[in-house]
Amino acid sequence: MDPEKLKDIEKKWQKRWKEAGIFEADVDRSKEKFFLAHAYPYPSGPTHHGHARAYLFDDAIARYKRMKGFNVLYPMGWHCTGNPAMIKAEKIHRGDRETIEKLKEAGVPEEEVVKLKDPYKYVRFFATESDLSYKSCLETVGCSIDWRREFMTIDDSYKKFIQWQYSRLKELGYVQQKEYPVVWCPVQEMPLGDNDVEDESQGAKVEEYVAYKFKIEVDGKEVLLPAATLRPETVYGVTNMFLNPELDYVVAGVDDERWLLSRGAYEKMKYQREDVSPIEEFSAEDIIGSYCKNPVTKRDVIILPADFVKGDSATGVVMSVPAHAPYDHIAIEELKKRKDVLKKYDIGEDELDFDYIGLIDLEGYGKYPAVEVVEEMGIKVLDEDKLKKATKEVYRKEFHKGTLREITAYPGKKVDEIKDKVKEDMLARGLAEIYYDTSKPVVCKCGAIGVIKLVDDQWFLKYSDRKWKDMSLDLLEGADVVPDKYRKELEYYLDEWMGDKPCARKKTLGTELPFDKDWMVEPLSDSTVYMAYYTVSKTINQENIEAERLDGSVFDYVFWGKGEPENCKVEKDILKEMREEFLYWYPIDMRIAGTEHLSNHLSFMIFHHAALFDESKWPRGITIHGMVLDEDGNKVSASKGNGYNMKEIAKGGSIDAMRLGMYAKSSPWDDIKFGKKEVDRTIENISSRFQKMLKYVMIEGAEEDTKDVLDRWILSKMQRHTKNTEDAMERLELMEAVNHAFYAVFNDVKDYINKKESPNRRVFKKVIKTWIRILAPFAPHLCEELWKKTGGDGFVSQAEWPEVDSDVIDQAAERGVELGNTVEGDIREIKDITGLEKPEQIRLVVSAEWKRKMKSAVEEGKDLSELMEKDMFRKQGKRAAHYFQELKGEHEREGTMDVEEELQALEEMKEWFEEMFQAEVVVEREEKSQEDKAGKARPGKPAIVLKN
RNA sequence: GCGGGGGUACCCAAGCGGCCGAAGGGGCAGCGUUGAGGGCGCUGUGCACGUAGGUGCUUCGUGAGUUCGAAUCUCACCCCCCGCACCA
């Protein structure tokens, strides 16, 4: 085959596979089934080689299992519900230049870009309808998928499936409604996840502040100063308040009270409470220097000016606890130096001379831990970064180790145990209110400032439910997790980390909640048991079953065997077929996803299966894949443009080479550094190996009646390679498998060909046919071609995996060739050291029988005097004693060859030595040798004599 | 902070108590082939010494320990990565 053609065979075989439909899987009760499903992709943009790697993991497994005789179901669908595509489409609609440029750069034709302003067109484009799509990617790399089962989560029929699930989950009590704070975009009116906000806003969390209502009278009317804190217990240590005179404040009506808030806080407050009424402007300057009353301690504290108080964080009213808050301490110290400011607000110096109030006992610290930490760290001025560190330090220690003092209502209690109780008590007594804010400012990708909205009728999945958790843990226990190191992490998520999860939102691409049409099922929550849908999607697609007919009773029957087929709107025999498919294929044997999905998709899958299906239908295996990084260690992604689209690869080079390169790089679950340059290099390198492989495969060889040591050796090694590949595949260690099936075989075949003048035709043919088959899961296109060229029947994709025959394993031959290699190395070394460049003769002296006897005797633990009683050894005299000492010193080496075996092996490899060193080679027995050095011969290590 | 995973020679990456100076791949070097380059084949690739296949020293993040013996086990320390949700 022309080297240039390597890439052409890929398309050819993909076409033939498709025509023959060999990856289409139907119920076949005569075969054991294997059902694997990868996380279906979310088509948010163009694909790249990072995606390819993830799916190639599945493909190798699917192909291997097929060859091992399993009926393999390997389907794919498209997760189109969600926001990213919607947001992108909107941006295109608005004409956002960056978005449009990026898409063009990624290869979307100009005239197409405009069309993508429709979110449905957008997802279709990247799911299936373009060269940049996931489907194109999967097809181009040769994934052996049953495409008849393909579906999109925005299909009406799939929505029916989701509605069935949620109706049933609600009936089971796992879906409930309650109040919940979410980060919210006031413009788009929807909750914001990390994907929806600008980069610098990512990671923002909802923080629950306790706002203590300090009291002050202004113009005869009471105004409350809601001082927001994350440490409610510190209210006992307040010495003063801080307001920022520069900041815009308002007084708002909240319930029947009047609250002082920064304008920002007021705007945000409206989303959290219904009873916030219009406002009047207020200048903080009016009350700075006055006193207000601590609602808990009833103590009057002074209000001080502070320019560090921010308008976009919390309430704009800050209570100061200098004994435990480094920031407050430094602020007071700083203020003491600002005579001008004090004068401006008419604050006497003595008014700042108050004692701090320590309220937490902390081992190793005095009354005021904050002051000590600040001193330790050498902080003298308002240095934000340093103070942040100091605050963290103090908080960590006090929270974990501190106990409250007598001045609080909770003397002796540990802070971490009492914190929530303090909050509850204060709220109950009406002294404080909850105020939510984001942990840092949030800017939505639409440009709006994010707020916290208190949704009062939020639908939840009750993942906190103990019984549900326990069932999920049972499921996990019965499932294989590969690699098992992730089991602990999953356990932790299921058992502890998972809490109630909002499962619906107001605006998204997706499915309406069946029992509350104002809500859409949140996109992660519609992707939990979709694997079950693959078992029926084939029938739904083929029979064109309209969505209206797929009501709950259909799925009740198909998945649960509940109810009567007669009552369904789908024909009875079709329904039975669906039921049959489900019963045959389910449960799923292997569910594959990335590490980033452990805490969501995979955990949800476990929860929902546990809730909806009985134990016999619970997933049997969870497998994790790693991701692809570029040379700088960044994730390969569409937005960075650091990945290859598969079409580019297919045009320029061999997909199979890329596949092998990816498999060989590291275990499937580890991340690999595989940037574009390295992809190029790898493809080039492996392609050239392919060319050599092609050459080897086509060697005819010669008809020979007997098998020499090399023949027996290569046959034996092929058994081992097959076995090793198989073992590795059973553990999903693709890297190891490829190392055996490709590199190790390659090296052995190369060796064999180098050492033999001409291969033994029958032996070589057998070797090649084995090789092609064990390589087929990894480089399927090439192997199909070779299979055909070497006269294989049908598709290698459907060929049987070679049976391992342990009778063919020939240890003597393996030892023989190994001996040959050692001798070769030794000869080389001797040549090097002695400078005898071109010896005319090489004598190989095989060690004497008695040495072998002595060796095994020593291994059995015999001592010298015992041995010397025997004639055989006594005859040797001193030599025997010396050798005995030597044997005692060396650690045992197993598998001693006997004299005849060693002689034969060396004789058989004589020609090869002669060829290699261009010298006459003589093999002889130690007993018969005239050479002085003959005595150096050891079992398995002949004496070597070079002669000029 | 919580939870999980890691640090192996120039690089990637296996190994997880003795067979480990440490698989495999890449890179690099030498030799051969070739019209040079490339490619291909062979060989080498911790250091030192050696005119006979050897010997000595040294190495698996750092330090200490267990053991006849440690890259592998224990402890402490340093460093790196991932997830922390309502978002795919």
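In the text below, chain A, chain B and the rest are named by the order of the sequence lines, each starting its count at 1.
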Please give, in whole Å, the distance from B:rC11 C1' to A:Phe674 CZ? 15 Å
Can you identify which nucleotide, out of B:rG5, B:rG53, B:rG83, has its nearest atom closest to the A:Lys941 side chain? B:rG53
Under 4.0 Å, heavy atoms only, any strand: does A:Val182 hit a base, just the sugar-phosphate, or nothing? nothing
What distance, rounded to whole Å, do you find between the two P atoms, one in B:rG30 and one in B:rG38? 11 Å
Quick check for you: among B:rG83, B:rG53, B:rG5, whose closest atom lies nearest to any side-chain atom of A:Asp826? B:rG53
Under a 3.5 Å limit on both distances, the Watson-Crick or wobble mate of B:rU67 is none
Looking at A:Lys677 and A:Asp680, is any side-chain nitrogen of the basic one under 4.0 Å from a carboxylate oxygen of the acidic one? no
Nearest-nucleotide comparison on RNA chain B, the residue closer to the 5′ end among A:Pro41 and A:Ala943: A:Ala943
If B:rC84 has a Watson-Crick or G-U wobble mate with both distances under 3.5 Å, name it; if not, just say none. B:rG1
Side chain of A:Lys665, heavy atoms from C-beta onward: which of B:rG25, B:rA88, B:rC12 has the nearest atom to it? B:rC12
Looking at B:rA88, B:rA52, B:rC42, which one has an atom nearest to any side-chain atom of A:Lys933? B:rA52
Base-pairing mate for B:rU34 - Watson-Crick or G-U, with both contacts under 3.5 Å: none
Have a look at A:Thr682 and say if it touches a base, only the backbone sugar-phosphate, or nothing, with a 4.0 Å heavy-atom cut-off. nothing
Nearest-neighbour nucleotide for the A:Trp497 side chain, B:rA85, B:rC42, B:rA88 considered: B:rA85
Return no unless some side-chain N or O of A:Lys692 is found under 4.0 Å from OP1 or OP2 of B:rG41. yes
Counting only Watson-Crick or G-U wobble pairs whose two distances fall under 3.5 Å, which nucleotide matches B:rU51? none
Between B:rC12 and B:rC86, how far apart are the P atoms? Round to whole Å, please. 35 Å
Reckon A:Met916 touches a base, only the sugar-phosphate, or nothing at all at heavy-atom distances under 4.0 Å? nothing
Answer yes if the side chains of A:Thr81 and A:Thr153 hold a donor-acceptor pair under 3.5 Å, and no otherwise. yes
Answer yes when A:Lys469 and A:Asp465 have at least one side-chain N-carboxylate O distance shorter than 4.0 Å, and no when they do not. no
Taking only the P atom of each, what is the distance from B:rG63 to B:rA14 in whole angstrom? 25 Å
Pairing donors with acceptors under 3.5 angstrom, does anything connect the side chains of A:Lys755 and A:Asn821? yes
Give the intermediate values and the outcome of salt bridge (charged side-chain N to carboxylate O under 4.0 Å, His left out) for residues A:Arg731 and A:Glu736. CA-CA 10 Å; A:Arg731 286 176 284 122; A:Glu736 209 180 314; 3.0 Å; yes
C1' atoms of B:rU67 and B:rC75, separation to the nearest Å: 16 Å
Nearest-Å distance for atom pair CG/P, residues A:Leu732 and B:rA14: 16 Å
Pairwise C1' distance, B:rG24 and B:rC79 [rounded to whole Å]: 28 Å
Contact under 4.0 Å: A:Ser688 side-chain N or O vs B:rC40 OP1/OP2: yes
Interatomic distance where CG belongs to A:Leu660 and P belongs to B:rG26 [whole Å]: 13 Å
Just by distance, no angles: are the side chains of A:His740 and A:Asp727 close enough, under 3.5 Å, to form a donor-acceptor pair? no
For a quick check of understanding: with a heavy-atom distance under 4.0 Å over all strands, which category does A:Pro942 fall into, base, sugar-phosphate or nothing? base
Base, sugar-phosphate, or nothing: which does A:Pro523 touch, judged by heavy atoms less than 4.0 Å apart? sugar-phosphate
Within the structure shown, what part of the strands sits under 4.0 Å from A:Leu946 by heavy-atom distance: base, sugar-phosphate, or nothing? base
Which nucleotide in the set B:rC84, B:rG3, B:rG5 lies at the smallest distance from any side-chain heavy atom of A:Glu489? B:rG3
Look at the side chain of A:Asn739 against the base of B:rG24 and say whether a donor-acceptor pair falls under 3.5 Å; ignore hydrogens and angles. no
Proximity to the side chain of A:Lys485 - top-ranked nucleotide from B:rG5, B:rA52, B:rC2: B:rG5
Salt bridge flag under 4.0 Å for residues A:Lys178 and A:Asp500: yes
Considering all heavy atoms, the nearest A:Val175-A:Cys503 contact: CG1-SG, 4.5 Å
Take atom P in B:rC20 and the same atom in B:rA70, then report the distance between them in whole Å. 16 Å
Please pick, from B:rG26, B:rG83, B:rA14, the nucleotide with the shortest atom-to-atom distance to any side-chain atom of A:Arg681. B:rG26
Determine the Euclidean distance between corresponding P atoms of B:rC19 and B:rU72; express it in Å to zero decimal places. 13 Å
Looking only at atom C1', what distance separates B:rC10 and B:rC28, rounded to whole Å? 8 Å
Atom CG of A:Asn754 and atom C1' of B:rC42: how far apart are they, to the nearest Å? 9 Å
With a 3.5 angstrom cut-off on both distances, give the Watson-Crick or G-U wobble partner of B:rG24, or none if there isn't one. B:rC12
Using heavy-atom distances to pick each residue's nearest nucleotide on RNA chain B, tell me which of A:Glu596 and A:Arg689 is more 5'. A:Arg689
What does A:Leu524 touch in the nucleic acid at a heavy-atom separation under 4.0 angstrom: a base, only the sugar-phosphate, or nothing? base
Quick one: label A:Ser44 by what it contacts on the DNA or RNA (base, sugar-phosphate, nothing), any heavy atom closer than 4.0 Å. nothing
A:Met627 has an atom CE; how far is it from atom P of B:rC81, in whole Å? 11 Å
Partner nucleotide of B:rA29 by Watson-Crick or wobble geometry (both distances under 3.5 Å): B:rU43
It should be established whether A:Lys488 places a side-chain nitrogen or oxygen under 4.0 Å from OP1 or OP2 of nucleotide B:rG3. no
Rounded to whole Å, how long is the line connecting atom NZ of A:Lys831 with atom C1' of B:rC42? 12 Å
Identify which nucleotide among B:rC2, B:rC42, B:rA88 has an atom closest to any side-chain atom of A:Tyr42, counting heavy atoms from C-beta outward. B:rA88
Rounded interatomic separation in angstrom, taking CG from A:Asn685 and P from B:rG27: 6 Å
In terms of side-chain geometry, is the basic nitrogen of A:Lys947 or A:Glu840 positioned less than 4.0 Å from the acidic oxygen of its partner? no
Are any of A:Asn600's side-chain N or O atoms less than 4.0 Å away from OP1 or OP2 of B:rC84? no
Send over the distance from A:Tyr743 OH to B:rA23 P, rounded to a whole Å. 16 Å
Complementary nucleotide of B:rC19, counting Watson-Crick and G-U pairs under 3.5 Å: none
Considering only heavy side-chain atoms of A:Ile830, the closest of B:rA52, B:rA88, B:rA13 is B:rA52
Reckon A:Gly661 touches a base, only the sugar-phosphate, or nothing at all at heavy-atom distances under 4.0 Å? nothing
With rounding to the nearest 0.5 Å, note down the distance linking CZ in A:Arg720 to CG in A:Asp748. 11.0 Å
